[in-house]
*Asks:* 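If you scroll down you'll find the structure; I have some questions about it.
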Amino acid sequence: MRPSTGPSLFTFLLRCTDQRSPEAGRSVHAFTIKIGSLADNFVGNSVVNMYAKCGCLAEATAAFDDMGAGARDVVSWNCLINSYSQLGPAGSAPVLNLFRRMRAHGLLYPNAFTFTGVFTAASHFPEMLQYGAEAHCIAIKTANSADVFVGSSLLNMYCKLGLVSDARKVFDRMPQRNSVSWAAMISGYAAEKKEIEAFELFKLIPVDDKQNINEFVVTSVLSVLSQPEFLQTGRQIHGLAIRNGLISFVSVDNSLITLYTKCQLLDDALAIFKSSGDKSPITWSAMITGYAQNGESAKSLDLFTHMHSNGVRPSEFTLVGVLNACSDHSSLSCGKEAHCFMLKLGFQSQVYVQSALVDMYAKCFSIEDARRAFDSLRDADTVLWTTMIAAYAQNGEHEEALAVYARMTTKGISPNNLTMASALRACSSLAAFEEGRLIHGCALKHGLSLGIPVGSALSTMYAKCGNLEDCNIVFRRMPQRDVVAWNSIISGYSQNGCGTDALNLFEEMKLEGTQPDGVTFINVLCACSHMGLLQKGWGYFNSMQNEHGLMPAIDHFACMVDMLTRARKFDEAKSFIESVPIDHGTCLWRIVLGACRDERDFNYGAHAGERLMELGSKDSSAYILLSNIYASWSSWDDVERVRGSMKLRGVSKEPGCSWIEIKSRVHVFVVGELLHPQIVDINVGLRWLGKHMRAEVAECCNFNEEELLLIASSS
DNA sequence: ATAGGGTTAG
């Protein structure tokens with residue numbers, strides 16, 4: 001029996017709910033208890049709903065319990081279920097629990113409202129799939145599966161759990177669909193990067209049904225088409241968004257900004273950004289990130305300052321963008337400032353931000369800071385570990401890179417292709433063959449060995465270890481190759497003295513239709529240089545610009561100088577260097593000096609050495625070579641002059657260091673090594689080797705003893 | 001009295 005005060009209580013409770021005022025709601029609740037109407041399921045449900053909407057879930061649950069089993073109906077259960085499901089992942093377990101209790105009750109049948117809450121709850125965790133699928137069966141049995149809300153939340157659940165084709169089956173069987181169904185299905189394809197499927201589905205939306213192409217649908221489809229190859233389609237959807245009056249929706253603007261920044265059209269992106277009426281932190285982040293990703297670090301940082309002065313609170317996404325801009329800038333002071341922001345805003349425990357931070361410090365050459373940032377996070381994931389490995393590899397600390405990789409493996413964190421590529425890069429630099437093979441095995445186990453980044457890194461690793469056979473096998477097994485993959489094998493052959501094979505590979509690459517880049521030409525020109533193919537070298541050098549539109553850079557000029565001097569064309573080398581249109585510092589003259597030593601042409605050597613001194617070279621070996629040349633001529637004044645300016649400029653020789661891995665142990669030697677346990681025997685062996693080498697060289701080249709000592713002293 | 005979908009990142 002319902003008391004006469006019922007209707008007015010509803011009105012009060014509704015108003016409290018609408019105004020999200022639990023304070024007022026509590027006094028109405030107290031009144032319902034006083035007049036004993038909580039047992040009325042309409043009033044009770046309103047109380048539960050009021051607390052739930054006000055975010056007071058504990059009180060909602062208490063009111064639900066107070067209603068008593070007799071007064072609770074489907075709506076009471078649904079109110080509670082849906083308010084938990086709106087909490088997101090945190091509410092998933094309570095929802096499934098409530099659903100189980102509701103069914104155990106027996107007399108109540110779940111309805112469409114129940115299933116939408118249950119499916120939403122199950123969509124957050126893969127291990128909840130079985131509960132979701134079970135609920136799907138119950139929905140069919142209780143004749144709820146034809147409902148649009150049920151269908152939409154169900155297909156969304158399958159999408160979020162990675163079962164897109166199951167989602168599509170649900171979608172296809174829906175007797176009716178609305179914008180939510182379309183948006184959920186499109187974003188399901190978007191999450192799997194299935195651009196074609198997403199766009200095909202988008203085109204299936206009935207054209208007369210403008211209602212279905214709303215801001216959600218447009219946002220989803222734009223997000224998946226934000227790539228240069230879909231720019232034209234993206235522009236068409238932009239036009240459609242304008243015609244449908246969707247341009248004022250902030251999420252549409254955000255995805256348009258992303259579309260244009262991903263296509264490197266920063267002006268178009270900026271136009272959207274400027275015209276966007278109410279910018280969200282996402283709008284700012286998208287633009288800041290867009291600048292950073294397009295190498296416009298200064299503009300990125302500038303916009304961040306603007307965001308800050310406009311009083312918009314940066315999100316973790318913003319910080320990632322800003323940190324990226326700082327890495328690009330190699331600006332440690334900017335990076336440290338961003339780090340402070342990050343701490344102030346409390347993003348230090350977010351893995352994405354942490355990885356960007358580690359990367360920033362690594363790119364700013366502050367590897368200790370990178371390590372400290374890495375160590376400060378407890379639950380590092382694959383990418384963060386990989387960033388740290390890459391950070392050491394980029395900074396030349398290859399042993400540390402492998403140590404971090406080893407620790408990652410012990411912790412059972414599975415690698416991705418960049419992990420493998422970075423660890424292999426460290427192996428290449430150390431020529432660590434055994435370690436490299438182990439990593440190859442690991443890549444194989446994880447199914448990563450055939451992809452482009454890992455395949456290329458493997459080829460390089462085998463080549464750097466002198467194993468061209470495995471370098472070739474790995475390369476030939478790759479199902480697809482890009483210019484980087486080709487470069488790895490061409491450089492492998494070229495650096496191992498197999499110039500002819502390197503050049504044949506280069507021709508094969510062009511036949512396959514892969515465009516060479518600057519790196520390819522460095523290897524090709526090196527190969528020509530080593531084989532003394534001067535004419536061929538010139539041909540390739542000229543083809544860079546003429547056939548491939550590539551501007552020669554300092555390394556290419558260096559290859560040509562090397563090639564000319566090896567052929568003893570010192571005059572040509574001299575005029576070539578003087579014609580180089582870019583700033584080349586001391587590098588080209590240094591090559592000439594080195595070649596003059598090897599070719600015993602000390603006149604040109606002295607010229608190159610004097611040029612290097614004029615240019616203020618800090619290279620100690622150049623000064624030593626030059627003074628040795630003068631010494632061989634007995635020009636003691638010049639020797640004094642060179643030694644003097646070397647001292648004046650504070651040029652000193654860094655101690656040389658080398659190492660070798662024997663049976664998994666690394667043996668390190670510095671100049672004048674005394675500490676190695678077998679150093680006496682090693683020195684005896686080295687002297688023996690040196691004597692025999694000199695004898696052999698002298699025999700075939702007719703050097704005299706004096707010249708040989710000059711060569712030995714400078715190399 | 002109760003419900004479902006979208007945008008930015010290492």
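Chain naming here is simple, since letters A, B, ... match the order of the sequence lines and numbering starts at 1 in each. Predicted, not measured: the structure shown is a model, and the values here were computed from it.
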*Asks:* Could you state the atom-to-atom distance from CG of Leu225(A) to P of dT8(B) in whole Å?
*Replies:*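 The answer, rounded to whole Å, is 12 Å.
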*Asks:* What is the nucleic acid contact for Val351(A), judged by heavy atoms within less than 4.0 Å: base, sugar-phosphate only, or nothing?
*Replies:*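 The answer is base, as Val351(A) lies within the cut-off (heavy atoms under 4.0 Å) of a base atom.
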*Asks:* Considering only dA3(B), dG10(B), dT2(B), which nucleotide approaches the side chain of Gln86(A) most closely?
*Replies:*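 In terms of side-chain proximity for Gln86(A), the closest of dA3(B), dG10(B), dT2(B) is dA3(B).
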*Asks:* Within the structure, does a side-chain N or O atom of Gln293(A) lie under 4.0 Å from either OP1 or OP2 of dG10(B)?
*Replies:*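 It does, given that an N or O in the side chain of Gln293(A) lies less than 4.0 Å from OP1 or OP2 of dG10(B).
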*Asks:* In whole Å, what is the span from the CG atom of Asn111(A) to the P atom of dT2(B)?
*Replies:*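 About 13 Å, once rounded to whole Å.
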*Asks:* Examine distances only and state if a side-chain atom of Gln293(A) and a backbone atom of Lys262(A) form a donor-acceptor pair shorter than 3.5 Å.
*Replies:*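 No: the side chain of Gln293(A) does not pair with the backbone of Lys262(A).
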*Asks:* Between the base of dG5(B) and the side chain of Asn178(A), is one N or O donor paired with an acceptor at under 3.5 angstrom?
*Replies:*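 Result: no qualifying N/O pair found.
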*Asks:* Run through Leu323(A), Leu384(A), Val320(A) and flag the one making a side chain to side chain contact (heavy atoms under 4.5 Å, CB included) with Leu357(A).
*Replies:*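 Result for side chain to side chain contact (heavy atoms under 4.5 Å, CB included) with Leu357(A): Leu323(A).
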*Asks:* Using a distance-only test with no angle check, is there a side-chain donor-acceptor pair under 3.5 angstrom linking Asn416(A) and Thr382(A)?
*Replies:*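 No, no side-chain donor-acceptor contact under 3.5 Å.
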*Asks:* Check this for me: does the side-chain of Ser152(A) come within 3.5 Å of the base of dG4(B) through a donor and an acceptor?
*Replies:*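 Yes.
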*Asks:* In this structure, how many angstroms lie between the C1' atom of dG5(B) and the NE2 atom of His124(A), rounded?
*Replies:*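 Nearest whole value for this atom pair: 12 Å.
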*Asks:* Can a side chain N or O of Gln354(A) be found less than 4.0 Å away from OP1 or OP2 on dA9(B)?
*Replies:*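 Answer is no, no contact under 4.0 Å.
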*Asks:* At 4.0 Å (heavy atoms only), tell me whether Thr387(A) reaches a base, stays on the sugar-phosphate, or touches nothing.
*Replies:*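 Nothing, no heavy atom under 4.0 Å.
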*Asks:* Would you tell me if any nitrogen or oxygen in the side chain of Lys363(A) comes within less than 4.0 Å of OP1 or OP2 on dG10(B)?
*Replies:*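 No.
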*Asks:* List for me each residue that meets ring-ring contact (aromatic ring centres under 6.0 Å, His included) alongside Tyr158(A), sequence neighbours excluded, and say none if there are none.
*Replies:*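 Applying ring-ring contact (aromatic ring centres under 6.0 Å, His included) to Tyr158(A) gives His136(A).
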*Asks:* Measure from CZ on Phe171(A) to C1' on dG4(B) and round the result to the nearest Å.
*Replies:*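 Whole-Å distance recorded here is 14 Å.
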*Asks:* Can you figure out which of dG4(B), dT2(B), dA9(B) approaches the side chain of Thr116(A) most closely?
*Replies:*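 Closest nucleotide to the Thr116(A) side chain: dG4(B).
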*Asks:* Taking atom types as they are modelled, is there a donor-acceptor pair under 3.5 Å from the base of dA1(B) to the side chain of Asn45(A)?
*Replies:*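 For Asn45(A), whose side chain was compared with the base of dA1(B), there is a donor-acceptor pair (under 3.5 Å).
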*Asks:* Please pick, from dA3(B), dA1(B), dT7(B), the nucleotide with the shortest atom-to-atom distance to any side-chain atom of Lys53(A).
*Replies:*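 It is dA3(B).
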*Asks:* Return the nearest nucleotide to the side chain of Val75(A); candidates are dG4(B), dA1(B), dT8(B).
*Replies:*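 Of the candidates, dA1(B) comes closest.
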*Asks:* So, does Asn324(A) get its side chain near the phosphate of dG10(B), meaning an N or O under 4.0 Å from OP1 or OP2?
*Replies:*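 So the side-chain polar atoms of Asn324(A) do come within 4.0 Å of the phosphate oxygens OP1 or OP2 of dG10(B), strictly under.
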*Asks:* With the side chain of Asn156(A) defined as its heavy atoms from C-beta on, choose the nearest nucleotide among dT7(B), dG10(B), dG5(B).
*Replies:*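 In terms of side-chain proximity for Asn156(A), the closest of dT7(B), dG10(B), dG5(B) is dG5(B).
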*Asks:* With a centroid cutoff of 5.5 Å and a plane-angle limit of 30°, would you call Phe149(A) stacked on dA3(B)?
*Replies:*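 Given the distance and angle limits, yes, they stack.
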*Asks:* Taking the six-membered ring for Trp and the single ring otherwise, decide whether the centroids of Phe341(A) and Phe304(A) are under 6.0 Å apart.
*Replies:*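 Ring centroids of Phe341(A) and Phe304(A) are less than 6.0 Å from each other.
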*Asks:* Under 4.0 Å: is that the gap between some side-chain N or O of Lys160(A) and OP1 or OP2 of dG4(B)?
*Replies:*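 Checking Lys160(A) against dG4(B): no side-chain N or O falls below 4.0 Å of OP1 or OP2.
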*Asks:* Do the side chains of Leu246(A) and Thr219(A) get nearer than 4.5 Å, heavy atoms only?
*Replies:*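 Not in contact.
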*Asks:* With the side chain of Asn82(A) defined as its heavy atoms from C-beta on, choose the nearest nucleotide among dG5(B), dG10(B), dT2(B).
*Replies:*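 Ranking dG5(B), dG10(B), dT2(B) by closest atom to the Asn82(A) side chain puts dT2(B) first.
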*Asks:* Does the side chain of Gln350(A) come within less than 4.5 Å of Leu319(A)'s, by heavy atoms?
*Replies:*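 No, their side chains stay 4.5 Å or more apart.
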*Asks:* Look at all strands and tell whether Val148(A) reaches a base, only sugar-phosphate, or nothing, counting heavy atoms closer than 4.0 Å.
*Replies:*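 Base contact - Val148(A) has a heavy atom under 4.0 Å of at least one base atom.
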*Asks:* Does the ring center of Phe64(A) lie less than 6.0 Å from the ring center of Trp77(A)?
*Replies:*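 Here the rings of Trp77(A) and Phe64(A) have centres that are less than 6.0 Å from each other.
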*Asks:* What is the separation between atom CD1 on Ile213(A) and atom P on dG5(B), rounded to the nearest whole Å?
*Replies:*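 My rounded result for the distance is 21 Å.
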*Asks:* Between Asn214(A) (CG) and dG5(B) (C1'), how many Å, whole number?
*Replies:*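 Rounded to whole Å, this separation is 8 Å.
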*Asks:* Heavy atoms within less than 4.0 Å of DNA chain B: which residues of residues 179-188 of chain A have one? Give them sorted by number.
*Replies:*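 When residues 179-188 of chain A is checked for heavy atoms under 4.0 Å from DNA chain B, the hits, listed by number, are Ser179(A), Val180(A), Ser187(A).
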*Asks:* Between atom CG in Leu259(A) and atom P in dT7(B), what is the gap in whole Å?
*Replies:*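 Computing the Leu259(A):CG to dT7(B):P distance gives 15 Å.
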*Asks:* Is the distance between the ring centroids of Phe273(A) and Trp284(A) less than 6.0 Å?
*Replies:*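 Centroid separation for Phe273(A) and Trp284(A): below 6.0 Å.
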*Asks:* Answer with base, sugar-phosphate or nothing: what part of the nucleic acid does Asn416(A) contact at a heavy-atom distance below 4.0 Å?
*Replies:*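 Asn416(A): no heavy atom of the nucleic acid under 4.0 Å.
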*Asks:* Just the rounded figure in Å: distance from C1' of dA1(B) to CG of Leu80(A).
*Replies:*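 These atoms are roughly 13 Å apart.
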